[in-house]
Amino acid sequence: MSDFAEKLIAWQQAHGRHDLPWQQTRDPYAIWVSEIMLQQTQVSAVIAYYDRFMQRFPTIASLAEAEQDEVMRYWSGLGYYSRARNLHHAAQTIMREHCGIFPTDFDTIQTLKGIGRSTAAAISVFAFNQRQTILDGNVKRVLARLYAVEGWPGLPDVEKKLWQIAESVLPSQGLPAYVQGLMDFGATLCTRSKPNCHRCPMQASCLAYQQQMVSVLPAPKPRKALPEKQTTVLMILDAGEILLERRPNHGIWGGLWSLPELSPSALAVPHVKTTFDMDVEPLETLPVLWHTFTHFKLEITPQPLLLQGKRPPPAPNQQWLALEDAVAAALPTPVRTLIKELQQLRF
DNA sequence: AAGTCGGGGCT
DNA sequence: AGCCCAGACTT
């Protein structure tokens, strides 16, 4: 038996979960229902649904005979409703094509709707004590760390490698405890954030731990490049003071004081004349600034301007502030950065 | 290979 | 406000 499997089984016996409702049985139907409910759904959310469902549909036959509407009612709130439709459909398939007996053959199990390789493996192990491996999100994380597998596990090549590793570390016996251990270990110790490496029996052999890669493995799903927007902000100066404008309550930086904004296509000098009734002269430009929000990147072009002549009275949503006060004010970070840069340029 | 399904917990 | 969860299926 691989060193990993041996340690995992020992860990499972000491620290794993043993009292979940679907662990008290070897009925393939009960285990099947639990596995479907647990797809992309946390244990704590499943338990109540599982108990209610099994009370109403205790057997394959009772589920197959039920109206789809009633099945859906018992699933309502769990999400991923195709799981319930597939479960219902597969129950009827078993009645029709398998004499009402849940199939024991691994490949046959996978032909049932809603059962892929990992779920088929879980059923095969827990109900029939067969030698198969699962590969769910927990197991992917555990193996990606133990074997320092780089790349997002959703990539076919990476997933293939993880299946291969999962098979290679499979013990020859004690499969139920081992597979339950895989899941419990990933769910409670080798967690996504803040894994408990101190209490990990695999620490010495964990490649990610050795290479200090635990926090970056497995690699997160690559995000699509954020859309880029651009804007120009006006830095209108007069007597060591800068003109600030309160932003509308809705939208980005809602209600915050900021710099007046200008659509990138507009010309600064005429715009300021029309909008603010000020005569200004352009100053030396500052470098463009990038700011990243959660949903887009913003290219901010600062446009410093020097007021010529008399300062008109500020509108209610405007104020003049000394540069050093502006730096200390509660302005959006990139705006403060720009004002700081301008301040240093002046002296 | 990418999109879809989903409520809920976590950060 | 994303990201992820005992994934599988469709496009």
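Lettering follows sequence order; numbering is per chain, from 1. Quick caveat: nothing in here was measured; it's all calculated off a predicted structure.
Checked against the 6.0 Å centroid criterion, the rings of F57(A) and F53(A) qualify as a close aromatic pair.
Between the CZ atom of R85(A) and the P atom of dT4(B) there is a distance of 16 Å, rounded to whole Å. What separates CZ of R83(A) from P of dA6(C) is a distance of 12 Å, to the nearest Å. Atom CD1 in I36(A) sits about 15 Å away from atom C1' in dC5(C), given to the nearest Å. We find that CD1 of I123(A) is positioned 13 Å from P of dG7(C), with the value rounded to whole Å. Between the C1' atom of dA8(C) and the CD atom of E159(A) lies a distance of 11 Å, rounded to the nearest Å. Here dA6(C) presents its C1' atom at 5 Å from CE of M183(A), a figure rounded to the nearest Å. Residue M37(A) contributes atom CE, which lies 17 Å from atom C1' of dC5(B) at whole-angstrom precision. When the C1' atom of dG3(B) is taken as reference, atom CH2 of W152(A) falls 11 Å away, rounded to whole Å.
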Check nucleotides 7-11 of chain B against the protein and report each pair of N or O atoms closer than 3.5 Å, with its distance, or say if there are none.
unit_1: dG7(B); atom_1: O3'; unit_2: G77(A); atom_2: O; d: 3.4

What pairs of nitrogen or oxygen atoms, one from the protein and one from nucleotides 9-11 of chain C, lie under 3.5 Å apart?
unit_1: dC9(C); atom_1: OP1; unit_2: G114(A); atom_2: N; d: 2.6

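Within a 6.0 Å radius of CD in Q211(A), other residues, nucleotides and ligands contribute more than 12 heavy atoms. For E70(A), the CD atom sits in a packed shell: over 12 heavy atoms of surrounding residues, nucleotides or ligands are nearer than 6.0 Å.
Between the side chain of T337(A) and the main chain of V335(A), no donor-acceptor pair closer than 3.5 Å is present. With Q308(A) contributing its side chain and L306(A) its backbone, the two residues share a donor-acceptor pair below 3.5 Å. Proximity of a side-chain donor or acceptor of R83(A) to a complementary backbone N or O of Q39(A) within less than 3.5 Å is detected. Checked by atom type and distance alone, the side chain of Q24(A) pairs as donor or acceptor with a backbone atom of H18(A) at under 3.5 Å.
Pairing each heavy atom of L323(A) with each of L237(A), the nearest pair is CD2-CD2, 4.1 Å.
Classification of the W22(A)-Y50(A) ring pair by plane angle, with boundaries at 30° and 60°, yields perpendicular. Under the 30°/60° scheme for interplanar angles, the aromatic rings of W11(A) and H15(A) are found to be tilted.
Among the nucleotides dA6(C), dC4(C), dA1(B), the one closest to the side chain of P220(A) is dC4(C). Taking only side-chain atoms of D184(A), from C-beta outward, the nucleotide of dA6(C), dC4(C), dG7(C) with the closest atom is dA6(C).
M213(A) belongs to a hydrophobic cluster with V216(A), L217(A), counting contacts under 4.5 Å between side-chain heavy atoms of Ile, Leu, Val, Met, Phe, Trp and Tyr, direct or through other members. Cluster partners of W320(A), using a side-chain heavy-atom cutoff of under 4.5 Å among ILVMFWY residues and allowing indirect links, are L234(A), I236(A), L243(A), L262(A), V269(A), V272(A), F276(A), M278(A), V280(A), L305(A), L307(A).
For the contact set between residues 2-32 of chain A and DNA chain C, defined by any heavy atom under 4.0 Å, the members are R17(A), L20(A), W22(A). Contacts with DNA chain C (heavy atom under 4.0 Å) in residues 129-140 of chain A: D136(A), G137(A), N138(A), listed by number.
Comparing dA6(C) with dA1(B), their C1' atoms sit 24 Å apart, to the nearest whole Å.
Under the 4.0 Å criterion applied to side-chain N and carboxylate O atoms, E67(A) and R56(A) are not assigned as salt-bridge partners.
Put simply, S82(A) has no side-chain N or O that comes within less than 4.0 Å of OP1 or OP2 on dT4(B). Phosphate contact (OP1/OP2 of dC5(C), side-chain N/O of R141(A), threshold under 4.0 Å): present.
Mapping W163(A) and A219(A) onto DNA chain C by nearest heavy atom places A219(A) closer to the 5' end of the strand.
For the residue pair Q23(A) and D19(A), no side-chain donor N or O sits within less than 3.5 Å of a side-chain acceptor on the partner.
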